[in-house]
Amino acid sequence: MPPEQFQQKILAWFDEHGRKDLPWQQDINPYRVWVSEIMLQQTQVASVIDYFNRFMARFPNVRSLADAELDEVLQHWAGLGYYARARNLHKTAQRVAANQGRFPQTVEDLSALPGIGRSTAGAILSIACGQSQSILDGNVKRVLARFHAVHGWPGDSKVTAQLWTISSQYTPGQRTGDYTQAMMDLGATLCTRSKPRCEICPVINGCQAYRLDLVNQLPEPKPRKTLPVKRLLFLVLQDKQKRILLERRPPAGIWGGLWSLPEFADRQQLQDWCLQHGYQLNEPDALPGLRHSFSHYHLDYTPLLATLQNPINCVMEADSPVWYKANDVYSLGLPAPIKRLLQQHYLEEHYDENG
DNA sequence: AAACCGGGGCA
DNA sequence: TGCCCAGGTTT
């Protein structure tokens with residue numbers, strides 16, 4: 001989609017559906033836009049409104065903010081979090097006040113101020129100063145990553161650079177302030193991280209992620225440095241003939257379709273399961289915990305050893321569990337950690353029998 | 001329980 | 001240059 005058409009659709013959507021009655025969209029000036037942008041970096045629109053109004057009532061202009069005690073600024077920030085930003089706000093107000101209250105009018109000079117980066121500078125200059133400058137906040141990153149089907153994590157420097165290029169290509173020469181607000185609004189309300197409302201998006205026609213059915217895959221998440229850990233219990237349940245209970249796993253997911261030991265998130269789940277199946281167990285012995293690592297997570301599991309007290313009513317249903325003797329287990333194609341666990345178990349059993 | 005957010009600060 | 005951080009909200 002050519003940039004002119006993209007801009008026209010975005011601006012038409014903004015005219016019809018965009019929010020235009022937010023407090024910082026009234027009496028627009030660099031000071032109000034700056035404060036609102038800093039607040040909006042960390043908090044949703046709905047909660048920022050009250051903070052912004054109270055902040056403006058107490059610090060109506062950059063001079064009043066510069067002259068205030070830091071403690072009072074922090075008090076008005078209390079509850080927003082990221083308190084370093086309130087300190088930066090105060091420091092920057094003092095620098096701007098020292099410049100006769102005039103904000104720098106270039107991205108370079110603006111972003112030299114504490115707490116103002118390239119994107120915030122672009123927002124201030126486009127919204128409050130009528131300049132044609134691009135932004136790239138989290139919302140716009142998501143919109144553009146999807147629109148151009150940009151793979152990779154947007155926080156990666158190469159991906160960020162790519163997205164800045166795209167952002168510049170689409171930024172209009174006219175009505176840039178409205179366009180900036182529209183893009184942030186679109187990302188916040190339609191092109192959301194989960195459950196995006198593509199069916200009412202003004203630029204669905206040109207959206208590559210939509211065309212390729214990648215909307216839910218893009219933007220890609222931050223690569224995990226440490227793999228997540230899942231914890232569960234495996235039940236080694238033995239009957240009086242020393243057979244072990246095995247279940248067939250569901251066809252999808254890890255070890256799909258393989259035989260395995262019954263697994264539980266916790267002991268309560270185990271109890272419920274026993275009740276459901278009419279199994280009466282002695283109190284299970286927990287063996288030392290073990291770890292099995294997959295490419296995408298670590299599985300920390302605790303084997304529980306228990307003995308069945310009551311005889312089994314053998315129900316021959318399609319997905320009923322089976323009881324297997326030691327030797328049969330090995331021919332069954334078990335997941336490696338389960339196989340190891342059972343081998344270990346039988347070795348110990350054997351050892352016990354022989355004293 | 002973990003991702004997210006834009007910029008600062010440090011190796 | 002790249003990594004970690006803050007801290008409240010969302011998923």
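Just so it is clear: chains get the letters A, B, ... in the order the sequence lines come, proteins before strands, and each one is counted from 1.
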**Request:** Mind checking side chain to side chain donor-acceptor pair (under 3.5 Å) for A:R58 and listing every partner two or more places apart, or none if nothing turns up?
**Result:**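 A:R58 satisfies side chain to side chain donor-acceptor pair (under 3.5 Å) with A:E72 once adjacent residues are dropped.
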Expressed as a whole number of angstroms, how long is the span from [X]:[atom1] to [N]:[atom2]?
X: A:Y82; N: B:dC5; atom1: OH; atom2: P; answer: 10 Å
X: A:Q41; N: C:dG8; atom1: CD; atom2: P; answer: 16 Å
X: A:L89; N: B:dG8; atom1: CG; atom2: P; answer: 12 Å
X: A:W77; N: C:dG8; atom1: CH2; atom2: C1'; answer: 13 Å
X: A:E37; N: B:dG7; atom1: CD; atom2: C1'; answer: 13 Å
X: A:L40; N: B:dG7; atom1: CG; atom2: P; answer: 13 Å

Taking ring pair (Phe, Tyr, Trp, His ring centres under 6.0 Å) as the definition, give me every residue that meets it alongside A:F55, ordered by chain and number, with sequence neighbours left out.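 Residues passing ring pair (Phe, Tyr, Trp, His ring centres under 6.0 Å) with A:F55: A:F59.
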Any residue meeting ring pair (Phe, Tyr, Trp, His ring centres under 6.0 Å) with A:H277, in chain and number order, not counting sequence neighbours
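For A:H277, the residues satisfying ring pair (Phe, Tyr, Trp, His ring centres under 6.0 Å) (neighbours in sequence not counted) are A:W273, A:Y279.
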Among residues 105-123 of chain A, which ones have heavy-atom contacts with DNA chain B below 4.0 Å?
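Output list: A:L113, A:P114, A:G115, A:I116, A:G117, A:R118, A:S119, A:T120.
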| query | Among residues 131-163 of chain A, which residues get a heavy atom nearer than 4.0 Å to DNA chain B? | reply |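 Within residues 131-163 of chain A, the residues near DNA chain B are A:D137, A:G138, A:R142.
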Closest to the A:N88 side chain: C:dG7, B:dG8, B:dG7?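 Looking only at side-chain atoms, A:N88 lies closest to B:dG8.
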A side-chain contact here means heavy atoms from C-beta on lying under 4.5 Å apart; do A:C274 and A:L270 qualify?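 In short, these two side chains touch, coming nearer than 4.5 Å.
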Item to check | Contacts of type side-chain contact (heavy atoms from CB on, under 4.5 Å), residue A:V33, not counting sequence neighbours | outcome: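 With neighbours one apart ignored, the set is A:I28, A:E37, A:I124, A:I127, A:A128.
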Exercise. Under the side-chain contact (heavy atoms from CB on, under 4.5 Å) test, which residues partner A:Q269, sequence neighbours left out?
Worked result: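 Per chain and number, A:Q269 pairs via side-chain contact (heavy atoms from CB on, under 4.5 Å) with A:F264, A:A265, A:D266.
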Q.
For a quick test of reading the model: is some side-chain N or O of A:Y83 closer than 4.0 Å to OP1 or OP2 of B:dG8?
A.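 For A:Y83, the contact criterion (side-chain N or O under 4.0 Å from OP1 or OP2 of B:dG8) is not met.
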Could you list all the ring pair (Phe, Tyr, Trp, His ring centres under 6.0 Å) pairs where at least one residue sits in residues 103-147 of chain A, not counting sequence neighbours?
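Of all non-adjacent pairs touching residues 103-147 of chain A, those that pass ring pair (Phe, Tyr, Trp, His ring centres under 6.0 Å) are A:F6-A:F147, A:W34-A:F103, A:F147-A:Y170.
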Worksheet item: According to the ring pair (Phe, Tyr, Trp, His ring centres under 6.0 Å) rule, which pairs have a member within residues 192-214 of chain A, sequence neighbours left out?
Response: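 Not a single pair qualifies under ring pair (Phe, Tyr, Trp, His ring centres under 6.0 Å).
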Between B:dA11 and C:dA6, how many Å separate the two P atoms, rounded to a whole number?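 Roughly 16 Å separates the two P atoms.
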- Residue A:R267 excluded, over 12 heavy atoms near CZ under 6.0 Å: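 Correct, the count exceeds 12.
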Between N or O atoms, less than 3.5 Å apart, protein on one side and nucleotides 9-11 of chain C on the other: list the pairs.
| unit_1 | atom_1 | unit_2 | atom_2 | d |
| --- | --- | --- | --- | --- |
| C:dT10 | OP1 | A:Q44 | NE2 | 2.6 |

May I have all residue pairs that pass side chain to side chain donor-acceptor pair (under 3.5 Å) and include part of residues 5-16 of chain A, sequence neighbours excluded?
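Of all non-adjacent pairs touching residues 5-16 of chain A, those that pass side chain to side chain donor-acceptor pair (under 3.5 Å) are A:D15-A:R175.
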Which residue pairs satisfy the side chain to side chain donor-acceptor pair (under 3.5 Å) criterion with at least one member in residues 103-117 of chain A, sequence neighbours excluded?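 Applying side chain to side chain donor-acceptor pair (under 3.5 Å) to every pair that reaches into residues 103-117 of chain A, excluding sequence neighbours, yields A:T106-A:D109.
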